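Only one structure is covered here, and it is reproduced in the block below.
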Amino acid sequence: MIVRFGYVAMSLLVKNASPSKTITYASFSKLTDREAAIRKLERIAEENLHNTLRLLRHNRAYEIELYRLSSRLVPLVGHEELADWDPFPALADKFAEVGRYVREHGMRISFHPDHFTVLSTPREEVLRTSVADLERHTRMLELMGLDERARNNIHIGGTYGNKEASLLRFVEQASALPKRVLDRLTLENDDKTFTAAETLEACERVGVPMVLDLHHHEVNPGGEKALALWPRILDTWRRLGPRGEAEGADGRADNRQLDWLPPKIHVSSPRSDKDPRAHADFVDAGHVLRFLREIAPLTPRLDVMIEAKSKDEALLRLMEELGAEPDVRVRTQASVEIGY
DNA sequence: ACCTGTCAAGTCTGG
DNA sequence: CCAGACTTGACAGGT
């Protein structure tokens, strides 16, 4: 099994390269010249995209092919007082430049719209803003000129005192998304409400791949073993592929589709016993490796997103620790082969 | 340069 | 029904 590793949004090694710079609405609204204020927002967005490109160059130097973009590239976008502002025409070239770099270097990128994007909501207004947010994320990926391997990962959402009804509502409301939005979606199990088994259920019903978060699963397992769910999780990734090539001659997808878009998991370690849900600075290599060894026979390729406070430093440390293991062959600075 | 408080959002909990 | 907690990186305003 070939495993690539990636990290989230910001680097500890590249200084002053935040891709999430912003301005509060309070200070934005103090600016009297609205035209100038909007230009300021767009300037910040350009800076965020510029820093994103710097991070991608850094990733290339470290052979890191997996990266999650900041979901705060464009400050205040989606704010109700800025509904008339479309930032994307002014930013199209910058987005295209970022996308070109991603394509040229075979990188896999994603977004993770924050947890205020909830498709399970019973509130019409919340659904409206959530769909709009997914539309915007989809639009950014399209502006980058990336195909459907570049996706938006979200959680199911709240339970509102009735998990079954909420899951049903999620399936309905997700299925009603525009196709181009739905075709960019992945779903992730969360640490408080929807378990891996429940999220998998939603993935199968909606027809989108599942991102297994190992840490979330451990604090919210719902009585399931991750390994027991893994074959079904793999299947959610199998039907994907370039248009017209999704299925083999026998009508069943085969492992080659997993090469087009390898399954992705998230790993992180608990901050402490007292605060088990929070992310630690680094990830426990032995812990990650245990799961990787288990799934290796079933899984030709895997992408692993490291969610640790120490970001790319945590990635490098994990690589070092994995490299010391007898059954791990280091392929590049950010990928290994396990059980070869 | 550094510190502290505030900011965004939706949901959940406690009262 | 409402206030506060949760989460996170970064702003904002102070020294």
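In what follows, chains are A, B, ... by sequence order, proteins preceding strands, each numbered from 1. Given the structure is predicted, the values throughout are model-derived calculations rather than measurements.
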For [X] and [Y], does a side-chain donor sit closer than 3.5 Å to a side-chain acceptor?
| X | Y | value |
| --- | --- | --- |
| Asp190(A) | Thr193(A) | yes |
| His137(A) | Ser71(A) | yes |
| Lys94(A) | Thr52(A) | no |
| Trp260(A) | Glu148(A) | no |
| His112(A) | Glu188(A) | yes |

Please classify the nucleic acid contact of Thr117(A) as base, sugar-phosphate, or nothing, using heavy-atom distances under 4.0 Å. nothing
Determine the contact category for Thr193(A): base if any of its heavy atoms lies under 4.0 Å from a base atom, sugar-phosphate if only primed atoms, P, OP1 or OP2 are that close, otherwise nothing. nothing
Enumerate the residues from residues 21-41 of chain A whose closest heavy atom to DNA chain C is under 4.0 Å, giving them by residue number; use none for an empty result. Lys21(A), Thr22(A), Ile23(A), Thr24(A), Ser27(A), Lys30(A)
Counted 5' to 3', the first and last nucleotides of DNA chain C within 4.0 Å (strictly under) of a heavy-atom of chain A are dT7(C) to dG13(C)
Between [N] and [M], how many Å separate the two [atom1] atoms, rounded to a whole number?
| N | M | atom1 | value |
| --- | --- | --- | --- |
| dC7(B) | dA3(C) | P | 16 Å |
| dG9(C) | dT11(B) | P | 22 Å |
| dA5(C) | dG5(B) | P | 14 Å |

What are the 5'-most and 3'-most nucleotides of DNA chain B lying under 4.0 Å from any heavy atom of chain A? dA8(B) to dC12(B)
Start with the C-alpha distance between Glu320(A) and Arg317(A), add both sets of side-chain angles, then the distance that settles salt bridge (charged side-chain N to carboxylate O under 4.0 Å, His left out), and finish with yes or no. CA-CA 5 Å; Glu320(A) 244 174 64; Arg317(A) 182 181 294 188; over 6 Å; no
With side chain to side chain donor-acceptor pair (under 3.5 Å) as the rule and sequence neighbours excluded, what pairs involving residues 283-293 of chain A come up? Glu218(A)-His287(A), Arg293(A)-Glu325(A), Arg293(A)-Asp327(A)
Residue pairs meeting side chain to side chain donor-acceptor pair (under 3.5 Å), one or both in residues 301-310 of chain A, sequence neighbours left out, come to Arg4(A)-Asp303(A), Arg68(A)-Glu307(A), Arg108(A)-Asp303(A), His266(A)-Glu307(A)
Please list, chain by chain and in numerical order, all residues satisfying side-chain hydrogen bond (donor to acceptor under 3.5 Å, both in side chains) with Gln333(A), sequence neighbours excluded. Glu63(A)
Arg103(A) meets the side-chain hydrogen bond (donor to acceptor under 3.5 Å, both in side chains) criterion, sequence neighbours left out, with none
Residue set satisfying ring pair (Phe, Tyr, Trp, His ring centres under 6.0 Å) with His50(A), at least two apart, ordered chain then number -> none
For Phe95(A), what residues pass the ring pair (Phe, Tyr, Trp, His ring centres under 6.0 Å) criterion, not counting sequence neighbours? Phe88(A)
Return the 5'-most residue of the pair Pro19(A), Lys192(A) with respect to DNA chain C, ranking by each residue's nearest nucleotide. Lys192(A)
Of residues 122-140 of chain A, the positions that come close to DNA chain B - non-hydrogen atoms, cut-off under 4.0 Å: Arg123(A), Val126(A)
Ring centers of His155(A), Phe194(A) separated by less than 6.0 Å: no
Using the six-membered ring wherever Trp is involved, compare the ring planes of His279(A) and His215(A) and label them parallel, tilted or perpendicular (cut-offs 30° and 60°). tilted
Counting a pair only when it is Watson-Crick or G-U and both distances are under 3.5 Å, which runs of at least 3 such pairs involve DNA chain B? B:1-8 with C:8-15, B:10-15 with C:1-6
Salt bridge (charged side-chain N to carboxylate O under 4.0 Å, His left out) against Glu198(A), all qualifying residues, sequence neighbours excluded: Lys163(A)
Verify side chain to side chain donor-acceptor pair (under 3.5 Å) between Asp133(A) and Thr117(A), making sure each step is shown before the conclusion. CA-CA 7 Å; Asp133(A) 191 44; Thr117(A) 293; 2.6 Å; yes
